[in-house]
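The structure under discussion appears below in the form of structure tokens.
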Amino acid sequence: MFGLWRTVNSVLYYLTIVVAVAGLLGNGLVLWHLGVHIKKGPFNMYLLNVAAADFLFLGCQLAFTGVQAALGSDLLYFVVTFLWFAVGLWLLAALGAERCLSDMCPGCHQRCRPRHTSAVLCALGWALSPPAVLLPARACGLLREGLRPFACLRAHAASITWLLALAGVACGAGLVLLLWVGCCSPHPRPRFYSLVLTCTLLLALCGLPFILYWSLRPLLSLLLPVFPPVATLLACVHSSAKPLVYFMLGRQRGRRESLKVVFQRALGEENHLGAVGLTLPMVHM
């Protein structure tokens, strides 16, 4: 029994490393092309920040996996990696909500949307996620400080509520967008429709277990020792699969094109500003 567990744990360990390395390279390419070669618009600004959060998550996961193998386990590693996962969750929720609103109420969205909304929401995600993760981690003794039970309970409950709210917004926006475009909208599919739905599916299948692990870590580690490495592997898949999604959405069958052209087709906005639901000027990010 113990031999089987060691084998399963080793397989999950090496799979996590392989997925993290592949995702690190993929998100690095997305950061390069989207940050340098593709003009920023109101929606791909979110995708640029999502790629940055995924890159940091996978980089920390890879680094801490090696350190943990050499020096032993430390809960501090889990807190730091989860921090970047939480930033990405905020950004996905903001992207899904704005994409949904822009298609359901395009005229109102264009008139009432404040200038630089995308940049402000991205900045808020980077600013608010650290305290939302680090404060409960500190109160619960995960940052090498003493455990404060009552403070831990309050802070951890607030953190779980915040994370579930973000996950609910992200998944709910994707579901509403699917139903609206499929049943109610008289217009063609909006820009980033397939991308938002795919990211929503990835979050539901691969991201939610990592949130569950954060929420019930001591209990799951005790009762289901296989759950932490599985949840970590799925979180790496969640962050690593997005560049592949962009590539599949941007490529054209039977044609050999550079990554720059493929990512431009999948992530660029300048050729789609006249489409319904995306009539914002490029400078309004």
Side-chain angles (χ1 to χ4, degrees), residues 21-59 87-88 91-92 94-103 106 109-110 113 115-123 125-126 170 173-174 177-178 181 187-203 237-285:
V21 170
L24 204 62
L25 294 175
N27 281 287
L29 289 172
V30 173
L31 283 172
W32 171 253
H33 288 288
L34 187 52
V36 176
H37 299 297
I38 300 175
K39 192 173 183 179
K40 257 65 73 190
F43 292 107
N44 60 19
M45 171 66 74
Y46 293 117
L47 298 175
L48 177 64
N49 283 268
V50 167
D54 287 340
F55 186 88
L56 289 171
F57 170 76
L58 294 169
V87 173
L91 296 168
L92 288 176
L95 170 64
E98 187 163 0
R99 175 67 276 179
C100 186
L101 289 173
S102 69
D103 190 59
H109 181 260
Q110 180 184 3
R113 184 183 191 270
R115 187 180 179 88
H116 304 304
T117 298
S118 300
V120 171
L121 288 177
C122 290
W126 290 100
L177 186 63
L178 174 65
V181 174
H187 307 294
R189 289 183 176 182
R191 184 66 174 152
F192 299 127
Y193 168 78
S194 299
L195 190 151
V196 170
L197 292 188
T198 306
C199 288
T200 300
L201 184 62
L202 275 174
L203 175 61
V237 172
H238 170 258
S239 295
S240 301
K242 296 188 191 79
L244 181 60
V245 171
Y246 306 155
F247 177 80
M248 296 303 295
L249 292 176
R251 67 186 290 265
Q252 291 185 345
R253 293 183 179 180
R255 299 180 61 179
R256 299 184 61 181
E257 299 173 318
S258 66
L259 281 177
K260 178 181 177 181
V261 174
V262 173
F263 283 142
Q264 174 69 49
R265 186 179 297 117
L267 306 176
E269 294 190 43
E270 58 270 21
N271 294 328
H272 301 268
L273 293 176
V276 172
L278 189 55
T279 56
L280 296 169
M282 292 293 290
V283 295
H284 286 193
M285 297 186 289

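For clarity, every value in this text was computed on a predicted model and none was experimentally measured.
S240 places a side-chain heavy atom less than 4.5 Å from the side chain of L58. Between L95 and V50, every side-chain heavy-atom pair lies at or beyond the 4.5 Å cut-off. At a threshold of 4.5 Å between non-hydrogen side-chain atoms, the residues N49 and W126 count as touching. Residues F43 and S118 fail the side-chain proximity criterion, which asks for heavy atoms closer than 4.5 Å. Looking at L259 and F247, their side chains come closer than 4.5 Å, going by heavy atoms from C-beta outward.
Listed for the D103 side chain is no donor-acceptor partner under 3.5 Å among the backbone atoms of R99. Using modelled atom types, no side-chain atom of K39 and backbone atom of G268 make a donor-acceptor pair closer than 3.5 Å. Looking at S239, its side chain never comes within 3.5 Å of a backbone N or O of D54 through a donor-acceptor pair. Judged by distance alone, with hydrogens and angles left aside, the side-chain atoms of K40 form a donor-acceptor pair with the main-chain N or O of L34 at under 3.5 Å.
Within a 6.0 Å radius of CH2 in W32, other residues, nucleotides and ligands contribute 12 heavy atoms or fewer.
Expressed to the nearest 0.5 Å, how far SG of C100 lies from CD of E98 amounts to 11.0 Å. Between the CG atom in L202 and the CG atom in L197 there is a gap of 11.5 Å [rounded to 0.5 Å]. Expressed to the nearest 0.5 Å, how far CG of L249 lies from OG1 of T198 amounts to 5.5 Å.
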Check the pair F57 / V87 against side chain to side chain contact (heavy atoms under 4.5 Å, CB included), numbers first and verdict last. CA-CA 9 Å; F57 170 76; V87 173; over 6 Å; no
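In this pair, H33 and F263 present their aromatic rings tilted. The plane angle is within the 30 to 60° band.
Applying the ring pair (Phe, Tyr, Trp, His ring centres under 6.0 Å) test to H238 and every residue at least two apart in sequence or in another chain returns F85.
P243 approaches G26 most closely through the heavy-atom pair CG-C, 3.5 Å. Across all non-hydrogen atoms, the minimal contact from A170 to L203 is CB-CD2, 3.6 Å. The minimum heavy-atom distance between Q264 and H37, with the atom names listed, is OE1-O, 4.1 Å. In terms of heavy-atom proximity, L24 sits nearest to F55 at CD1-O, 3.3 Å. Contact between T200 and G174 at its shortest, heavy atoms only, is OG1-CA, 3.7 Å. The two atoms that bring V196 and G96 nearest to each other are CG1-CA, 4.2 Å, heavy atoms only.
Residue V30 is tested with L47, L267, L25 for a side-chain contact (heavy atoms from CB on, under 4.5 Å); the sole match is L267.
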